[in-house]
Amino acid sequence: MKKSIFLFFAFCLFAFQAISQKIDCPPAFRGLLKKANLDFFEPLDAGYKNFEPAENEYLNAQFAIRSAKEKLEIRYFIIPWEEDNPLASNPHISTFTALANVATNADEEVVSVIQPTAAMLQKDFNADWGMTYFFRPKEAFSDKKSCRMVALCKEGQATVFIFYLFNDAGNRALDTRYRALRFLGEAN
């Protein structure tokens with residue numbers, strides 16, 4: 001009997017922790033996810049909570065989460081596809097614009113670029129196109145030392161930017177949280 005009561009309370013505690021760690025995703029962001037036909041992989045561990053980053057003149061995320069345990073911020077910016085909008089229908093242009101707006105302009109800083117293969121983009125994100133950039137963000141955008149920006153596009157759906165902001169280059173959460181969004185089939 002004592003063991004059953006203990007198991008019941010342990011289950012209740014686990015359920016409470018799981019519920020209390022749930023991210024409060026605002027309706028406007030949920031609407032963007034639906035419009036772009038995206039699946040959001042909500043981290044249910046490591047204490048992720050949503051927060052409002054300070055407004056800046058460069059690029060304001062539509063949604064942001066962070067974990068003190070993993071020492072990582074993740075910001076999301078979605079541009080739904082619009083055929084008559086060159087920024088929305090040309091991921092190369094919108095990606096370069098986002099990168100130029102967010103990365104520091106200091107002469108001694110370097111921007112590293114990784115081009116994932118088409119097979120990797122399809123497998124990981126169901127995306128047609130994508131790039132990954134590592135750089136130091138402008139101070140007005142973030143007080144973190146480093147940023148990994150993943151740019152993804154699926155024609156007819158959206159161009160997406162995921163900003164992973166961190167201080168430690170060896171942060172293992174970068175790999176764990178890499179698949180933050182995924183395109184679902186075709187646009188709605």
Side-chain angles (χ1 to χ4, degrees), residues 22-44 48-53 55-67 72-103 111-135 137-138 141-142 146-166 173-188:
K22 190 154 176 69
I23 294 167
D24 183 22
C25 198
F29 185 68
R30 290 250 182 240
L32 276 172
L33 292 170
K34 185 174 180 168
K35 183 175 183 177
N37 204 17
L38 283 160
D39 194 10
F40 169 57
F41 298 113
E42 179 178 339
L44 298 175
Y48 276 88
K49 300 285 184 190
N50 56 305
F51 77 104
E52 289 288 328
E55 291 251 344
N56 64 80
E57 61 186 286
Y58 302 110
L59 190 143
N60 289 300
Q62 295 146 330
F63 183 61
I65 59 176
R66 66 179 163 204
S67 167
L72 182 66
E73 287 182 16
I74 307 173
R75 300 183 191 184
Y76 304 86
F77 191 81
I78 300 169
I79 304 172
W81 193 272
E82 294 176 19
E83 206 61 51
D84 58 340
N85 179 348
L87 199 60
S89 60
N90 290 290
H92 301 83
I93 296 171
S94 56
T95 299
F96 181 75
T97 301
L99 182 64
N101 282 335
V102 174
V111 175
S112 300
V113 183
I114 298 171
Q115 169 85 54
T117 65
M120 289 171 61
L121 289 168
Q122 181 62 38
K123 179 181 166 255
D124 292 342
F125 304 104
N126 192 25
D128 300 327
W129 178 88
M131 295 291 281
T132 300
Y133 301 88
F134 287 89
F135 55 87
K138 290 179 177 159
F141 182 73
S142 175
S146 299
C147 179
R148 174 174 69 184
M149 180 180 105
V150 176
L152 303 166
C153 179
K154 184 151 183 93
E155 189 171 344
Q157 289 185 225
T159 298
V160 174
F161 303 110
I162 309 165
F163 300 93
Y164 302 85
L165 298 148
F166 54 97
L174 287 170
D175 293 333
T176 308
R177 305 301 171 201
Y178 180 62
R179 294 178 190 99
L181 294 173
R182 180 175 169 77
F183 290 102
L184 298 169
E186 300 303 315
N188 291 330

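Residues take their numbers from the sequence shown, with the count starting at 1.
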Open item on the list: So if I apply the side chain to side chain contact (heavy atoms under 4.5 Å, CB included) rule between R148 and each of T132, L72, I114, which one comes out positive?
Closed with: T132

Might you point out which heavy atoms bring [X] and [Y] nearest each other, and give the distance in Å?
X	Y	result
T159	A88	OG1-O, 3.9 Å
N90	P86	ND2-O, 2.9 Å
Y164	Y178	OH-O, 2.8 Å
Q115	M131	OE1-SD, 2.8 Å
F183	A158	CZ-O, 3.5 Å
E83	S89	O-OG, 3.7 Å

- [ ] Using a cut-off of 6.0 Å, state whether more than 12 heavy atoms not belonging to F96 lie near its atom CZ.
- [x] no

TODO: Could I get the full list of side-chain contact (heavy atoms from CB on, under 4.5 Å) partners for A151, not counting sequence neighbours?
DONE: T95, W129, M149, F161

TODO: State which residues pass side-chain contact (heavy atoms from CB on, under 4.5 Å) with S67; sequence neighbours excluded, sorted by chain then number.
DONE: A46, Y48, K69, E70

Sub-3.5 Å donor-acceptor pair from the side chain of [X] to the main-chain atoms of [Y], do we have one?
X	Y	answer
N101	L59	no
R66	F51	no
N85	L87	yes
N50	I23	no

Does any non-hydrogen side-chain atom of [Y] lie less than 4.5 Å from one of [X]?
X	Y	value
N60	P53	no
C153	D128	no
F63	I78	no
C25	E42	no
N56	S142	no

Reported [atom1]-to-[atom2] distance for the pair [X] and [Y], which is rounded to 0.5 angstrom:
X	Y	atom1	atom2	answer
K154	L38	NZ	CG	10.5 Å
T97	Y58	OG1	OH	15.0 Å
K123	R182	NZ	CZ	9.5 Å

Task: Worked check of side-chain contact (heavy atoms from CB on, under 4.5 Å) between V150 and L181 - done: CA-CA 10 Å; V150 176; L181 294 173; over 6 Å; no

Task: Lys/Arg N to Asp/Glu carboxylate O, R179 vs D124, below 4.0 Å - done: yes

TODO: Report the C-alpha distance between L184 and N126 in whole Å, list the side-chain angles of each, state the deciding distance to 0.1 Å, and finish with yes or no for side-chain contact (heavy atoms from CB on, under 4.5 Å).
DONE: CA-CA 7 Å; L184 298 169; N126 192 25; 5.7 Å; no

- [ ] Step by step, work out the side-chain contact (heavy atoms from CB on, under 4.5 Å) result for F135 and L99.
- [x] CA-CA 9 Å; F135 55 87; L99 182 64; 3.5 Å; yes

- [ ] Kindly assign one of parallel, tilted or perpendicular to the pair Y76 and F40, based on the angle between their ring planes and the thresholds 30° and 60°.
- [x] perpendicular

